[in-house]
Amino acid sequence: MAKALIAGGGIAGTITAIALHETGHEPVIHEAYDRTAEGVGAFLTLAVNGLDALGPLGLKGLVKGLGFDTPRIKMQLGDGRELADLALGGQLEDGTVSQTVLRSELYIGLRDEAVRRGIEIRYGKRLADARETGDGVLATFEDGSSAEGDLLIGADGLRSRVRTIIDPKAPSPRYVPLLNTGGLAEGVRLDDEPGVMHMTFGKRLFFSHVVHPDGRVWWFANVPRKREPSPADLAVTTTWREDLIRGLAVDRTPAVEIVRATREIYRPWATYDFPSVPTWRTDRMVIIGDAAHATSPAAGQGAAMAIEDAVTLARCLRDVPSIPKALAVYEGLRRERVEAVVERGKRNGDDKAAGPVGRVIRDFFLTRAFRNLPKEDPNAFMWRHRIDWDAPVAS
């Protein structure tokens with residue numbers, strides 16, 4: 001049994017802890033913040049490959065109970081022309097389809113389940129440094145405390161401290177020239193079928209909305225922004241609603257009505273990805289999830305990739321006799337796949353940031369592309385991936 005120190009108590013860290021606990025290890029989550037993530041964050045759509053990976057951990061039903069089915073996607077241009085009506089990521093053999101869920105509710109559900117299973121979570125433990133001790137690792141935290149374990153897992157996100165401890169020359173995240181925002185609208189009457197995601201390549205903004213079974217409209221928008229914003233830039237939201245309405249008003253969609261009916265609009269955040277992080281691990285440290293391979297939301301795979309990481313890492317630590325070798329096998333199983341997903345996300349997201357001239361060219365090629373769809377979905381490799389939990393991992 002290995003004692004695993006996990007830096008980061010978000011979705012990636014919590015699922016990793018549960019997966020390790022299931023294989024007989026002792027995970028301890030160290031969360032930087034001194035409070036939980038209740039009420040924090042927007043929503044996400046979890047693809048079926050991520051849901052399938054949760055099955056052996058007994059978590060698929062929990063997640064489905066928190067979200068709602070989103071089996072289809074309709075895409076159109078800002079002038080109202082329909083591009084496509086497609087399945088959103090296929091389905092599992094039992095009929096499970098993609099699930100859309102509030103990030104905070106997903107976190108709370110997973111956290112409560114981790115606690116129920118006896119997993120320790122320590123709050124207010126922001127990682128300051130770590131070093132290997134030969135047969136283990138010693139982590140120190142900004143509050144002056146420390147912890148010892150057999151390995152350190154960095155599930156600490158885009159600005160990962162573990163990543164820079166492993167490799168001080170690690171690259172910084174790549175800015176994707178888009179801002180994100182969204183919200184939940186109430187009192188809007190749409191004829192849309194609940195659970196069908198509507199996405200619009202607008203003249204100025206990319207806008208997506210879906211009707212929840214309870215009648216609320218969940219939505220997000222991508223706002224092109226060439227220059228990477230500073231935290232101070234993102235904090236200025238006094239005209240944010242009006243800016244969104246101005247950008248959406250030129251399109252033939254219900255977007256303006258939806259935004260006006262939204263009590264609280266999420267403060268904007270920037271988009272980043274990692275084309276490749278050269279070094280994921282040492283003998284006793286490893287990074288997972290966004291710390292290793294953040295992808296643009298356009299891939300629709302961020303949470304699913306973190307889940308796949310967690311399950312794969314747990315299998316490797318279960319079956320491979322030494323921790324250094326297990327981490328090497330884990331990287332070998334994951335790197336090629338996640339880098340392909342990051343590349344696909346970047347490609348999907350590029351069409352959202354087109355300028356006035358680029359938008360005309362984009363609309364022409366999108367119309368032609370959707371008119372002549374390939375027989376094989378180019379995104380299928382992402383959601384068709386399956387992990388066999390019971391299969392032994394070869395070292």
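Given the structure is predicted, the values throughout are model-derived calculations rather than measurements.
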Using the rule given for side-chain contact (heavy atoms from CB on, under 4.5 Å), can you reason through Arg334 versus Met305, listing the C-alpha separation, both sets of side-chain angles and the distance that settles it, and then say yes or no? CA-CA 9 Å; Arg334 295 298 295 159; Met305 288 297 100; 3.7 Å; yes

Worked verdict on Asp290 versus Phe274 for side-chain contact (heavy atoms from CB on, under 4.5 Å): CA-CA 8 Å; Asp290 282 355; Phe274 271 117; over 6 Å; no

Walk me through it: do Thr367 and Leu83 pass the test side-chain contact (heavy atoms from CB on, under 4.5 Å)? CA-CA 6 Å; Thr367 302; Leu83 293 172; 4.0 Å; yes

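When all heavy atoms of Ile18 and Leu110 are compared, the pair lying nearest together is CD1-O, 4.0 Å. Residues Arg284 and Glu132 come closest through the heavy atom pair N-OE2, 3.0 Å. Taking both residues in full, the closest heavy atoms of Ile29 and Gly13 are given as CD1-O, 4.1 Å, listed atom of the first, atom of the second, then distance.
With no hydrogens or angles considered, a side-chain donor-acceptor pair links Thr271 and Asn180 at under 3.5 Å. When only modelled atom types and interatomic distance are considered, Asp192 and His209 share a side-chain donor-acceptor pair under 3.5 Å. Using a 3.5 Å distance cut-off with no hydrogens or angles, the side chains of Asn49 and Gln301 do pair a donor with an acceptor. No side-chain donor from either of Ser98 and Trp383 sits under 3.5 Å from a side-chain acceptor of the other. There is no side-chain donor-acceptor pair under 3.5 Å between Trp218 and Thr100.
Distance check, rounded to the nearest 0.5 Å: OG1 of Thr279 to CD1 of Ile166 gives 8.0 Å. One finds the CG atom of Leu92 at 12.5 Å from the CZ atom of Arg384 (value rounded to the nearest 0.5 Å). Atom CG of Leu5 sits about 8.5 Å away from atom CD1 of Ile153, to the nearest 0.5 Å.
Figure legend: Arg126 and Tyr33 shown as a cation-pi pair, the cationic atom lying under 6.0 angstrom from the six-membered ring centre and within 45 degrees of its axis.
The pair Arg174-Asp273 counts as a salt bridge, with a side-chain nitrogen and a carboxylate oxygen less than 4.0 angstrom apart. Note on Glu22 versus Arg117: salt bridge recorded, some NZ/NE/NH1/NH2 to OD/OE distance being below 4.0 Å. Salt-bridge check for Lys60 with Asp52: failed, with every basic side-chain N at 4.0 Å or more from each acidic carboxylate O. A salt bridge is absent between Glu257 and Arg260; no separation between the charged side-chain nitrogens and carboxylate oxygens falls under 4.0 Å.
Within a 6.0 Å radius of CZ in Arg252, other residues, nucleotides and ligands contribute 12 heavy atoms or fewer. More than 12 heavy atoms of other residues, nucleotides or ligands shown are found within 6.0 angstrom of CZ on Arg159. Other residues, nucleotides and ligands contribute more than 12 heavy atoms inside 6.0 Å of the CD atom of Glu242. Remark: Glu82 CD is packed, more than 12 non-hydrogen atoms of other residues, nucleotides or ligands lying under 6.0 Å away.
With Glu331 as the fixed residue, the salt bridge (Lys or Arg N to Asp or Glu O under 4.0 Å) test singles out one of Arg337, Arg281, Lys325: Arg281.
The hydrophobic cluster containing Val28 does not contain Val115, counting ILVMFWY residues as joined when their side-chain heavy atoms lie under 4.5 angstrom apart, directly or transitively. A single hydrophobic cluster is seen to contain both Leu51 and Leu59, as judged by linkage of ILVMFWY side chains at heavy-atom distances under 4.5 Å, directly or through other members.
Using cut-offs of 30° and 60° for the angle between ring planes, the Phe206 and Phe201 rings count as perpendicular.
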